[in-house]
Amino acid sequence: MTIKKAMLLFFSFLLCLGVVQTTASATGANAELKLGVNDKLSGITAVSVKGSYYVPLRALAAELKWTITGLPDGIQVDGGGRKLLLLKGNGGAQLQDRTTAPMNTFVKNGTLMVQLKISAYLGYIISFEPDKYLLRVRDASAALDDAAFLSQYKSELHPSTTPAKPSQTPAGKPGKTLYMTFDDGPSATTSELLDILDKYGVKATFFMLGPNMNRYPAEVKRIVKEGNGLGLHGMTHRKDKFYASPSAALAEMSGDNAVLQKIAGTGTTLIRPPYGSKPYFTKSFRDKVLVQGYHLWDWNVDSDDWKYKENSAKIYNTVMNQVHGLQKSKTNPVVLMHDQKATLKVLPRLLESLKKEGYTFEIITKDLQPLNFWKDHR
């Protein structure tokens, strides 16, 4: 190979790495583009963040038949006859020659998003023509050139003109919107709990444990199908394990999310650490976990149902007294209960009383400002 050809190949490679970022910055990139993969228009949406396009790693790997392996120091990606290691903590991508290249990731709705240029590091060609809404990844197996690809998919590439729904707090009178939350499930009685919620037309948010989801997958699917909110509660519910280190806490939440994704095909960014965030979920823990895109939620009404168990009258009065205490400040109640058999006895009475007092029920979403004991609103 001549020096001239080598230089051309080198600059072509640099262009593949930079085109999605530098051109996007220069032309004013679209916020979202449909991603072409070889000769087809995939179901993947690429999202522009600070001039660089990001895609879900798992979805891209599935399209290109890559292998993803979790390792102690990051995520190994094998594809296109090459491999690289996505280092933890946005440490970049360690390439096959052991050099490290810049590479950012973040978590969106429980899904790991990675810069599209990862495909260039693995030997793929990236095509980007923003004025034609073209963003495409291809290798030697692609039969269509970009012109033919554009001709075939022109009508589908143009982004939808339907206006996006604004991310707002769910509608409801100040102080009269209530969020029912249930920890530690699912359980053997989750179906009965869901029956009660359905009877009263109420949706709740479930902060679930990974092992329990594996034990009761049908209940997880029903929680999702019926439109309830989804949250993570970790894997062990043991202080010595969950709070062993910030990395241990992150690993538990990530593992929990992986179980949810496997069973229900969806993830979540809402988390509630075991026993609540104070005093154990300190700044070092929050900095480690929340930087990955998670949102921390505690409560402002504690039912103490774990303590009073079958004493339904005590649980009822505990909840109602705290709810009434929030009325003067017009604070929306976030009620902590547990997915357990004893809850079934008191829940109907609580829902009836709260409805009579004019409360409406909503689920917690990622768009709400998190309520937690640290007032950490990330």
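Values reported hereafter were calculated over all heavy atoms of this structure, with side chains retained and with hydrogens, waters and symmetry mates removed.
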Parallel, tilted or perpendicular: which describes the rings of His237 and His233, with under 30° parallel and over 60° perpendicular?
perpendicular
Drop me the distance from Ile315's CD1 to Thr343's OG1, to the nearest 0.5 angstrom.
6.5 Å
With side chain to side chain contact (heavy atoms under 4.5 Å, CB included) as the test, would you mind laying out the steps for Met208 and Asp183 before giving the verdict?
CA-CA 6 Å; Met208 297 178 284; Asp183 284 8; over 6 Å; no
In this structure, are over 12 heavy atoms from other groups packed under 6.0 Å from Trp306 atom CH2?
no
List the atom of Gly81, the atom of Gln96, and the distance in Å for their closest heavy-atom pair.
O-OE1, 4.3 Å
Hey, what do you get for NZ (Lys355) to CG (Leu350), rounding to the nearest 0.5 Å?
13.0 Å
For the residue pair Asp256 and Gly210, what are the closest heavy atoms and their distance?
OD1-N, 3.0 Å
Once you round to the nearest 0.5 Å, how far does OG1 of Thr105 lie from CD of Gln292?
6.0 Å
Would Ser187 and Thr189 count as a side-chain hydrogen bond (donor to acceptor under 3.5 Å, both in side chains) here? Give the steps.
CA-CA 5 Å; Ser187 70; Thr189 55; 3.2 Å; yes
Evaluate the ring pair (Phe, Tyr, Trp, His ring centres under 6.0 Å) criterion for residues Trp66 and Tyr124: first the C-alpha distance (whole Å), next the side-chain angles of each, then the deciding distance (0.1 Å), finally the verdict.
CA-CA 12 Å; Trp66 294 349; Tyr124 293 79; 5.7 Å; yes
Check step by step if side chain to side chain contact (heavy atoms under 4.5 Å, CB included) holds for Ile118 and Leu86.
CA-CA 9 Å; Ile118 187 176; Leu86 287 174; 4.2 Å; yes
Decide yes or no on ring pair (Phe, Tyr, Trp, His ring centres under 6.0 Å) for Phe207 and Phe182, but give the supporting numbers first.
CA-CA 6 Å; Phe207 289 91; Phe182 297 94; over 10 Å; no
Any chance the side chains of Gln94 and Thr100 put a donor and an acceptor closer than 3.5 Å?
no
Using every non-hydrogen atom in the two residues, find where Asp304 and Asp302 come nearest and quote the distance to one decimal.
N-OD1, 3.0 Å
Between atom CG of Asp376 and atom CG of Leu371, what is the distance when rounded to the nearest 0.5 Å?
12.0 Å
Does a salt bridge link Glu63 with Lys40, judged by any charged N lying under 4.0 Å from a carboxylate O?
yes
Can you tell me how far apart CE (Met320) and OG (Ser353) are? Round to the nearest 0.5 Å.
5.0 Å
Plane angle bin for Tyr280 and Tyr243 - parallel if under 30°, tilted between 30 and 60°, otherwise perpendicular:
tilted
Answer with yes or no whether the side chains of Thr331 and Ser329 bring together a donor and an acceptor at under 3.5 Å.
yes
Can you see whether Thr266 engages Gln261 through a side-chain donor-acceptor pair at a distance of less than 3.5 angstrom?
no
Do we see a donor-acceptor contact under 3.5 Å between the side chains of Asn214 and Lys262?
yes
Test side chain to side chain contact (heavy atoms under 4.5 Å, CB included) applied to Leu336 and Asp298, step by step:
CA-CA 8 Å; Leu336 168 65; Asp298 287 308; over 6 Å; no
Can you tell me how far apart CG (Asp139) and CG (Leu64) are? Round to the nearest 0.5 Å.
7.0 Å
Salt bridge check, Asp287 against Arg378: does any charged N sit closer than 4.0 Å to a carboxylate O?
yes
All heavy atoms of Leu232 vs all of Tyr294, minimum pair found to be CD1-CE2, 3.7 Å
Say whether Tyr216 and Val224 are linked into one hydrophobic cluster, either directly or through other cluster members, by side-chain heavy-atom distances under 4.5 angstrom.
no
For Leu230, which of Val220, Leu270, Ile223 qualifies under side-chain contact (heavy atoms from CB on, under 4.5 Å)?
Ile223
For Asp305, is there any backbone N or O sitting under 3.5 Å from a side-chain donor or acceptor partner on Gln340?
yes
State, to 0.1 Å, how close Leu84 and Ala93 come at their nearest heavy-atom pair, and which atoms those are.
CD1-CB, 4.3 Å
Above 12 or not: heavy atoms from other molecules or residues under 6.0 Å from NZ of Lys314?
no
Counting only N and O atoms by type, is there a donor-acceptor contact under 3.5 Å from the side chain of Thr205 to the main-chain atoms of Ile364?
yes
Go through the steps for Phe361 and Lys203 under the test side chain to side chain contact (heavy atoms under 4.5 Å, CB included), then give the verdict.
CA-CA 7 Å; Phe361 297 81; Lys203 304 298 182 187; over 6 Å; no
What are the two closest non-hydrogen atoms of Gln76 and Leu85, and how far apart are they?
N-CD1, 3.7 Å
Check: Leu144 main-chain N/O paired with Asp39 side-chain donor or acceptor under 3.5 Å:
yes
Do Thr190 and Asp339 have side-chain atoms, one donor and one acceptor, less than 3.5 Å apart?
yes
Axial cation check for Phe373 ring with Lys278, 6.0 Å and 45° limits
no
Can you check salt bridge (charged side-chain N to carboxylate O under 4.0 Å, His left out) on Arg222 and Asp198, steps first, answer last?
CA-CA 11 Å; Arg222 183 179 169 189; Asp198 184 58; 5.4 Å; no
Using a strict cut-off of less than 4.0 Å between a Lys/Arg side-chain nitrogen and an Asp/Glu carboxylate oxygen, indicate whether Asp146 and Arg138 qualify as a salt bridge.
yes
Please evaluate residues Glu352 and Lys356 with respect to the criterion salt bridge (charged side-chain N to carboxylate O under 4.0 Å, His left out), reporting the C-alpha separation (whole Å), side-chain torsions for both, the decisive distance (0.1 Å), and the verdict.
CA-CA 6 Å; Glu352 286 176 8; Lys356 285 179 182 178; 5.2 Å; no
